[in-house]
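The figures that follow rest on heavy atoms only: side chains count, while hydrogens, waters and symmetry mates do not.
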Amino acid sequence: MARLLADRPADTLTIGDMARQLGHSHGAVRNAALTLVRRGEADQSGTGQPQFRANAKTDAAAQRAVISPPGTHAPRAQAATARTTIPAAAKPKQTGPIRRAGGQLYHPRELADLPDVEALNRLRDADVPVLLYGPPGTGKTSLVEAAFEDLLTVAGDGDTTVGDLIGEYTQDDAGGYVFQYGPLVTAMTEGRALLIDDATLISPKVLAALYPAMDGRRQIQVKAHKGETIKAEPGFYVVAGHNPGVHGAVLTEALASRFSVQIQIGTDYDLALALRIDARVVRVARHLSHQVELGELGWAPQLRELLSYQKTEAVLGTKAALANLVGIAPVEDRDAVADAVTKAVGIKKIAPLTLGKQLSASAVRQPPGSTGSAHRGRSR
């Protein structure tokens with residue numbers, strides 16, 4: 001990869017350009033290109049289809065690289081083979097924060113004596129599909145985004161169709177109709193990871209279109225597009241998310257059987273403390289979470305809500321943030337949440353954040369740094 005870019009320093013190449021010249025799969029080429037960019041040994045541009053070109057460090061990288069001739073097995077297959085001979089303890093563990101594609105930081109957690117992102121990558125190398133399950137807001141999607149830089153995501157719900165997965169005809173600028181491939185086909189042909197988020201909200205009939213790509217066939221038939229057969233390239237991988245407590249979420253036997261590894265994801269309250277979220281609020285969340293486990297409550301604040309509390313507190317103050325925390329609880333659990341928060345912080349009464357009476361003009365706060373006298377000074 002580095003040699004190809006270094007030999008064409010004036011050119012900007014897409015994944016497809018490089019895959020055709022090197023004879024490797026799109027997924028393998030994408031992984032190699034992103035690795036060079038991470039190391040600062042190539043530059044990336046483009047917001048839709050990424051493009052790559054050489055920089056001052058690419059030629060030196062090419063001197064160190066081991067270049068496989070076209071037709072050899074893909075980098076992911078090599079990694080899987082190598083790992084069968086290397087003890088897990090010998091592999092460096094990535095425990096520090098990982099920056100996701102959107103810029104947010106993800107803090108890895110332990111899974112099977114490994115950082116969770118490393119465990120997921122090993123499962124991908126071995127082609128073992130994973131189902132992540134747990135309450136909303138516990139970090140399932142964040143984990144997958146941190147683990148796989150080449151990730152495509154399908155946000156599932158009751159309206160998700162087969163076309164949303166595989167593709168459908170759309171009208172082009174000239175008024176004609178062209179078939180637009182969906183994320184499943186893109187992930188298969190480019191050897192990328194695919195997250196089916198909230199998979200258990202999708203109709204089982206729709207999910208059935210995914211199953212042939214996950215079993216030994218590793219291919220699907222696109223009936224809507226001339227019955228075309230799509231085969232999965234090396235690196236193609238499926239991971240799914242499931243929120244058991246969400247209304248309408250049904251984990252069918254057919255879906256569960258496709259995922260050999262199923263991992264429960266919960267909120268790391270120690271991480272919440274490390275992120276300097278109010279310790280009293282974290283303590284309340286732990287207590288409510290324990291009540292949920294006992295079946296006494298149906299809801300407890302997860303990491304997403306705790307981070308939201310922290311941001312709200314910084315903008316509106318502690319009292320408003322506490323009121324909002326109570327207000328976002330489901331109606332049936334709101335009294336219990338309010339009682340727990342009240343006891344923890346010592347405030348007599350906490351009600352959901354609500355608009356009050358209308359303020360007079362003189363009562364409206366001046367913006368930071370401004371005063372009424374400044375206005376009077378300008379009118380003289």
Side-chain angles (χ1 to χ4, degrees), residues 100-102 104 106 116 120 123-124 128-148 151-168 170 180-188 192-215 220 222-224 232 236-267 289 292-293 295 297-305 307-308 328-333:
R100 293 152 52 198
Q104 307 94 331
Y106 177 78
D116 50 12
L120 256 60
L123 290 166
R124 180 181 182 178
V128 180
V130 169
L131 176 71
L132 305 176
Y133 67 96
T138 50
K140 298 184 292 296
T141 304
S142 301
L143 164 57
V144 181
E145 289 178 349
F148 307 132
L151 184 69
L152 292 173
T153 301
V154 174
D157 57 38
D159 296 325
T160 301
T161 66
V162 172
D164 293 327
L165 289 175
I166 294 178
E168 55 193 349
T170 59
Q180 184 71 42
Y181 290 114
L184 173 58
V185 173
T186 302
M188 292 177 69
R192 297 170 67 175
L194 177 68
L195 168 63
I196 310 295
D197 210 2
D198 287 322
T200 48
L201 294 177
I202 301 175
S203 164
K205 291 183 179 180
V206 173
L207 286 174
L210 171 70
Y211 298 153
M214 297 178 63
D215 60 25
I220 60 172
V222 186
K223 296 180 181 179
F236 169 67
Y237 183 67
V238 177
V239 58
H242 168 44
N243 299 321
V246 172
H247 177 70
V250 179
L251 180 59
T252 64
E253 183 178 347
L255 179 61
S257 66
R258 259 69 183 190
F259 293 91
S260 306
V261 172
Q262 299 183 17
I263 303 169
Q264 183 175 11
I265 307 290
T267 287
S289 180
V292 170
E293 292 175 4
L297 277 180
W299 182 87
Q302 304 299 329
L303 187 59
R304 179 187 298 162
E305 287 79 28
L307 289 170
S308 177
I328 63 176
V331 175
E332 60 271 21
D333 296 319

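- Atoms CD1 and CG, on Ile202 and Asp164 in that order, are 8.5 Å from each other to the nearest 0.5 Å.
- Other residues, nucleotides and ligands contribute only 12 or fewer heavy atoms inside 6.0 Å of the CD atom of Glu253.
- Residues Ser289 and Ala300 come closest through the heavy atom pair N-CB, 3.5 Å.
- Taken to the nearest 0.5 Å, the OG1 atom of Thr161 stands 14.0 Å off from the NZ atom of Lys205.
- We find the CG-OH distance between Leu251 and Tyr133 to be 10.0 Å, quoted to the nearest 0.5 Å.
- The two residues Val261 and Ile263 have their closest heavy-atom pair at CG1-CG1, 3.7 Å.
- Atom CG in Leu131 sits 10.0 Å away from atom CD1 in Ile265 (nearest 0.5 Å).
- Nearest approach of Val206 to Thr160, heavy atoms of both residues: CG2-O, 3.4 Å.
- Side chains of Tyr237 and Leu120 form no contact here, defined as non-hydrogen atoms less than 4.5 Å apart.
- Note that CD1 of Ile220 and CD1 of Ile166 are 4.0 Å apart. Values are rounded to the nearest 0.5 Å.
- Distance check, rounded to the nearest 0.5 Å: OH of Tyr181 to CD of Glu168 gives 13.5 Å.
- Scanning both residues, Ser260 and Val128, for their nearest heavy atoms gives CB-CG1, 3.8 Å.
- Scanning both residues, Gly156 and Leu201, for their nearest heavy atoms gives O-CD1, 4.1 Å.
- A heavy-atom distance below 4.5 Å is not found between the side chains of Val239 and Phe259.
- Between Arg304 and Pro136 there is a side-chain heavy-atom pair separated by less than 4.5 Å.
- The shortest distance between side-chain heavy atoms of Glu145 and Tyr106 does not fall below 4.5 Å.
- Exactly one of Asn243, Asp197, Asp198 qualifies for a side-chain hydrogen bond (donor to acceptor under 3.5 Å, both in side chains) with Lys140. That residue is Asn243.
- A side chain to side chain contact (heavy atoms under 4.5 Å, CB included) with Ile196 is found for one member of Thr153, Val238, Leu184 and no other, namely Val238.
- For the residue pair Thr186 and Arg192, no side-chain donor N or O sits within less than 3.5 Å of a side-chain acceptor on the partner.
- Gln262 contributes a side-chain N or O that, together with a main-chain N or O of Ala256, makes up a donor-acceptor pair within less than 3.5 Å.
- Residues Thr267 and Gln302 bring a donor and an acceptor atom of their side chains to less than 3.5 Å of each other.
- Residues Pro183 and Leu194 form a side-chain contact, since some pair of their non-hydrogen atoms from C-beta on lies under 4.5 Å apart.
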